[in-house]
Undergrad: 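Handing you a structure now.
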Amino acid sequence: MRYFDYTATTPIDKEVLETYIKVQNSYFANTSSLHSLGQKSNALFEQASAEIKDLLGLKQHNIVYTSNATEANNLAIYGIVEKHIRGKLITTKIEHPSVFEVFKNLERKGYDVVYLDVDEKGIIDIKQLQREIDKNTILVSIMWVNNIVGSIQPIKEIIKIVSGYPKTKLHVDAVQGIGKINPDFNFKDIDLFTISAHKIYGPKGIGALIYNQNIDLYKRLYGSSAQYGVKPGTIDVALVVSLCKALKKYLPLTEEHYQYVLSLNRRFRSKLENQEGIIFNSCLKASPYIINLSLPHINGETIVHILEEKEIYLSTGSACSSKLKKPEKTIYNMTKSELLATTTIRIGLSHLLSQTDIDDLAQEIGEIANV
Ligand code: PMP
């Protein structure tokens, strides 16, 4: 079996799983319970949150743990927007559905939403953002690394522009960047950002919304006062500590893994770059963890099934939209070609892959393209 779908999800790291089991067994008491067992759970929970903040260089941010990044993105956007009667919203045409569909819903409710274009590399035009943002803008939401092609948005410049508008909040979906790319910006300068444990060898079932403590988020759920009242309910300490463990283990390895994965990416490209019938949609400056290509004479879904027969697993575009046979929106917005956007596959790389894995995959895809 060869797995090339690490963008969709990663297997849980052995040490992280051991941590999960240990904490689940020993710290099962409710963090809100007054007795000492509950207080021990709470102390561990607080310690994990403090460590995560330290790792990310944060002092003024709160962390709210959610079931996944989808929930965190929803909480972030509705949490800001529903505090205001009206106001302009800015996002991009290539956000993950957990951001994009929220804005589509807000548009239906009458909000003025601007969807920034992307160029052929999948990158926004910073001048368009400069033109669109104004004093009535409530929120700008722009992903760090795109999950379909790996394009990296200029977050540092975006922070600079948004900071010129004191009432405007910046939300960044950091799911595909964290633990994979060293940021050239500081997380502390972002008002709200989201991460997901299962993309970085952590468990499924936990994401986080991390936001500046000066922000008063609109509350969508009612219950206890746990997690600032933003996400009430009993906290799974084991999941939180496991997320912390994954970050502690993988953040310091970011550069080492990046360089290795970059070498795998280059190796794959060098084998297929000049082959007829294959078009690379990901550009060289994108995250090396994602290679997106189109074989214009063959449907992406068909390619997935041909490879599956050989126990090779990858995706058409995003796993979340792969059951819909619509053109993939990131590819469409980059290429303006419906053909390229329906014949696309995504290879998600990892430090766990070997050169032989890459060579075998290149050979299989090369053969499909030759048919
Ligand atoms: N944003 C991006 C960029 C993603 O790649 C994903 C996962 N496909 C999500 C958000 C949603 O993450 P989760 O699966 O944790 O809800």
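Just so you know, ligand 1 is whichever comes first in the structure, and atom 1 is the first atom listed for that ligand. Residue numbers start at 1 and run along the sequence shown.
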Undergrad: Considering only heavy atoms, which of Asn147, Val99, Thr66, Asp173 lies nearest to atom 1 (N) of ligand 1?
TA: Asp173
Undergrad: Kindly confirm or rule out an N or O of Ala69 lying under 3.5 angstrom from an N or O of ligand 1.
TA: yes
Undergrad: What part of Ser98, side chain from CB on, backbone N/CA/C/O, both or neither, has a heavy atom under 4.0 Å from ligand 1?
TA: side chain
Undergrad: With a 4.0 Å cut-off on heavy atoms, is His198 touching ligand 1?
TA: yes
Undergrad: Do Leu340 and Tyr332 come within less than 4.5 Å of each other through their side chains, counting heavy atoms only?
TA: no
Undergrad: Please determine whether the number of non-hydrogen atoms from other residues, nucleotides or ligands lying under 6.0 Å from atom NZ of Lys121 exceeds 12.
TA: no
Undergrad: Determine whether the side chain, the backbone, both or neither of Met143 has a heavy atom under 4.0 Å from any heavy atom of ligand 1.
TA: side chain
Undergrad: Enumerate donor-acceptor pairs with a distance under 3.5 Å from any side-chain N or O in residues 362-371 to protein atoms, sequence neighbours excluded.
TA:
unit_1 : atom_1 : unit_2 : atom_2 : d
Gln363 : NE2    : Glu367 : OE2    : 3.3
Glu364 : OE1    : Lys310 : NZ     : 3.0

Undergrad: Identify whether NZ of Lys or CZ of Arg in Lys329 sits under 6.0 Å from the centre of the six-membered ring of Phe100 and within 45° of that ring's axis.
TA: yes
Undergrad: Sub-3.5 Å donor-acceptor pair from the side chain of Ser49 to the main-chain atoms of Glu46, do we have one?
TA: no
Undergrad: Does Asn68 approach ligand 1 within less than 4.0 angstrom via side chain, backbone, both or neither, non-hydrogen atoms only?
TA: both
Undergrad: Taking only non-hydrogen atoms of Lys204, do any sit less than 4.0 angstrom from ligand 1?
TA: no
Undergrad: Using modelled atom types only, decide if a donor and an acceptor are shared between the side chain of His96 and the backbone of Val99 within a distance under 3.5 Å.
TA: no
Undergrad: Would you give me the side-chain donor-acceptor pairs under 3.5 Å for residues 75-84, sequence neighbours excluded?
TA:
unit_1 : atom_1 : unit_2 : atom_2 : d
Tyr78  : OH     : Asn105 : ND2    : 2.8
Lys83  : NZ     : Asp216 : OD2    : 3.0
His84  : ND1    : Ile80  : O      : 3.0

Undergrad: Using a 4.0 Å cutoff against the non-hydrogen atoms of Gln176, which atoms of ligand 1 qualify?
TA: 3 (C), 4 (C), 5 (O)
Undergrad: At less than 4.0 angstrom from any non-hydrogen atom of Lys199, what atoms of ligand 1 do you find?
TA: 5 (O), 6 (C), 7 (C), 8 (N)
